[in-house]
Protein chains: 6
Amino acid sequence: MDNKVTVSRKAHFNAAHRLFKPEWSDEKNLEVFGKCSNPKYHGHNYDLVVSVTGTVDSETGFVLNLKKLKDIIYREIEEAFDHKNLNLETEEFKSLNPTTENIAIVIYNRLRPHIKADQELEIILYETERNFVKYSG
Amino acid sequence: MDNKVTVSRKAHFNAAHRLFKPEWSDEKNLEVFGKCSNPKYHGHNYDLVVSVTGTVDSETGFVLNLKKLKDIIYREIEEAFDHKNLNLETEEFKSLNPTTENIAIVIYNRLRPHIKADQELEIILYETERNFVKYSG
Amino acid sequence: MDNKVTVSRKAHFNAAHRLFKPEWSDEKNLEVFGKCSNPKYHGHNYDLVVSVTGTVDSETGFVLNLKKLKDIIYREIEEAFDHKNLNLETEEFKSLNPTTENIAIVIYNRLRPHIKADQELEIILYETERNFVKYSG
Amino acid sequence: MDNKVTVSRKAHFNAAHRLFKPEWSDEKNLEVFGKCSNPKYHGHNYDLVVSVTGTVDSETGFVLNLKKLKDIIYREIEEAFDHKNLNLETEEFKSLNPTTENIAIVIYNRLRPHIKADQELEIILYETERNFVKYSG
Amino acid sequence: MDNKVTVSRKAHFNAAHRLFKPEWSDEKNLEVFGKCSNPKYHGHNYDLVVSVTGTVDSETGFVLNLKKLKDIIYREIEEAFDHKNLNLETEEFKSLNPTTENIAIVIYNRLRPHIKADQELEIILYETERNFVKYSG
Amino acid sequence: MDNKVTVSRKAHFNAAHRLFKPEWSDEKNLEVFGKCSNPKYHGHNYDLVVSVTGTVDSETGFVLNLKKLKDIIYREIEEAFDHKNLNLETEEFKSLNPTTENIAIVIYNRLRPHIKADQELEIILYETERNFVKYSG
């Protein structure tokens, strides 16, 4: 028993996107991605679960202060993605296809530097209630 | 007791939109609608509850056949709105601001002709889990 | 302002059923009710919301004691329907087609005698998360 | 058709309380309210749905600006009730028994002055997922 | 970092069943399985989460095309189980007791041949909101 | 393939608490824990998921009888915590700070002796829908 506990915090953001690879023709994009590649965009209410695993601090009884985690998620993810067009308004997705898989990886990479090195980080991202992905580096 | 029963069916669609009045300047749109007026759009998973109130048919035990209601919602609403940009790709919102209120009214007006005259229709539309509207004509 | 408040209690039961009218041929049952008429039955987790509207008792601050409502629902509905075959094991549905509409009406009629005459009763019954009905006499 | 639409906003607060009438003995409180009357308190995550019904403003497409409603709920309800002991730390419940019915009425009375006179207000308050009340004046 | 991502898809089916071992007497079945062994069956809305873990294809940004996974689940699971009596109408449960554990294993075995050998598969099956199982081979 | 399956059961309890370390001053408690340290307490609807992983018994088709797990959770957790003040009325939290992390560890330790030695146990505890922790020894 190593006393490790996983602490999770839910957040969400609403964004527009389209599945699109700039190096492909419109026809190929449509063929592979179907209506998700609509050139005029569609959008989602993304639900995000950020989980951090580590030992419980015997002073505070916390793995980490959830208030601080909430602030990091707000600053690094919600301010960057909420009410945005992911393809046009975020640096990462100007060249990278904003699939749920890739958005989860980008979120992980944005949050990882703010989590202690000896703590593990896991991202669950819901594109809809029925489609979601998990990534932990 | 009049034996009236309300039958409800849930559906959903994912769409991009922006709150925007074409007759206002960008500044005024931004001032009134805030980040919801982002010119590059954002989006939502819209959840829709369609309710029909009427008497129960003593033959079938149905107010109406839910399979038929599901098909009407699919044809009139999902095909028109799902994976679309509401401002650019639907007739109604080229001139009408796509607030949740107005989208619910448009959905009501699209479905009303397909529901029997002596049955009542109510629309509940969730823009997010926390914001939703109800309209019944 | 009449100080009326509606108090609601959720319950559930799991049951087997088939949509079936004994006076119709198997062919007609199948034609009207489709796979819901499978002669070997299918089943659901039914979610039930029972709502009672009345004035707040100034002594207790209650419209009614929810503990008592919970007991009435348990005795009148859950004991009768939970883990049962509605068509074969409940008196009402031996001759009545167990559509969601009819089940809600039967539940209303079972509970109504146990609710005070000057209080209103409303039943919401979910057959699935997507299909549900409402009945209030 | 009067073009009336109902707009709803969800909020929540976490609070401690006990069901308790100061004018009754401890024995009578325990007899009527059971474990909900534990003198050392218990608590809930209260979920609140505030609904406002009115005509849609043809300028904005809004019944009311949800951002403003969110701010009113925060100021009048969340700041007063969140992370509080309702019996000890809110004026209304020093003398009034904090049943879900009474909390909903108090919330209605706190919000009513901030909603336009020609708009209707409805409060739904969940004490738990299974127990909830509705009040509209 | 191996760039592995888990992609999940939700589905559901409604079925009748009873817990029953043909080699036991009715008395022993009733003693071990209680009301879940009702000889006239009961039923559930089963919720299913199918998760596939693998590397992200750098061309598409997908672990796998969710549209294809949805089609596989429909063909292999929903067509076989939805609106069916599991004990009487599926090959596997004619001899195998349809506990949630066994249904999850059967679903895994039906889907495994359709998932690439270097991808992992996990099944979560909800019999009710409160009872669920997880299986990954 | 080792035929291991994880079986989960949901439960819940409603309790009052405050984050508080008796060896710290009120000022330090307030500084570190903010409004969660309100000396008059606040409260939550705690949702609990208990998961047990083991091999499926070939006789019963069960990892364990969920009815028995439900009874263990009721006796060891719900009776001890439901409608209680965690700081004042449970042995463990008289000296231990009732953070979600610590409550999950206490629940694990209370349940572990009742689960077979060759089965794994995992606790997920939701303090709110947005904040939750996981612990497995």
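Lettering follows sequence order; numbering is per chain, from 1. Since we're looking at a predicted model, the values are computed, not measured. Just so you know, these numbers use all the heavy atoms, side chains as well, and skip hydrogens, waters and symmetry mates.
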Q: Would you mind telling me which of D:L88, D:N87, D:T128 has the largest number of heavy-atom pairs within less than 4.5 Å of chain F?
A: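 Among D:L88, D:N87, D:T128, the one with the most close pairs to chain F is D:T128.
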Q: What is the minimum heavy-atom distance between F:F81 and F:A15, and which atoms define it?
A: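 Scanning both residues completely, I find the closest heavy atoms to be O-CB, 3.7 Å.
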Q: Which bit of F:N38 is near chain D, if near means a heavy-atom gap under 4.5 Å: side chain, backbone, both or neither?
A: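 Just its side chain gets close to chain D.
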Q: Scan side-chain atoms only and decide if F:H44 and D:N45 contain a donor-acceptor pair under the 3.5 Å cut-off.
A: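 Yes, D:N45 and F:H44 have a side-chain donor paired with an acceptor closer than 3.5 Å.
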Q: Can you tell me which of F:E129, F:K84, F:R18, F:H17 forms the most heavy-atom pairs within a distance under 4.5 Å of chain D?
A: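 So the answer, after comparing F:E129, F:K84, F:R18, F:H17, is F:K84.
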Q: With the side chain counted from C-beta on, respond yes when D:I103 and D:V106 share a heavy-atom pair under 4.5 Å apart, and no when they do not.
A: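 Of all side-chain heavy-atom pairs linking D:V106 with D:I103, none is under 4.5 Å.
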Q: Taking D:H12, D:H83, D:K35 one by one, which has the highest count of heavy-atom pairs under 4.5 Å against chain F?
A: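 Looking at each of D:H12, D:H83, D:K35 in turn, D:H83 comes out on top.
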Q: If we define contacts as heavy-atom pairs under 4.5 Å, which of D:D82, D:D47, D:N85 has the most with chain F?
A: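 Of D:D82, D:D47, D:N85, D:N85 has the most heavy-atom pairs under 4.5 Å with chain F.
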Q: Is D:E122 close to D:T53 at the side-chain level, that is, under 4.5 Å between some pair of heavy atoms?
A: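 Answer no - side chains too far apart.
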Q: Determine whether a donor-acceptor pair (N or O, by modelled atom type, separation under 3.5 Å) exists between the side chain of F:S51 and the backbone of F:S8.
A: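 No.
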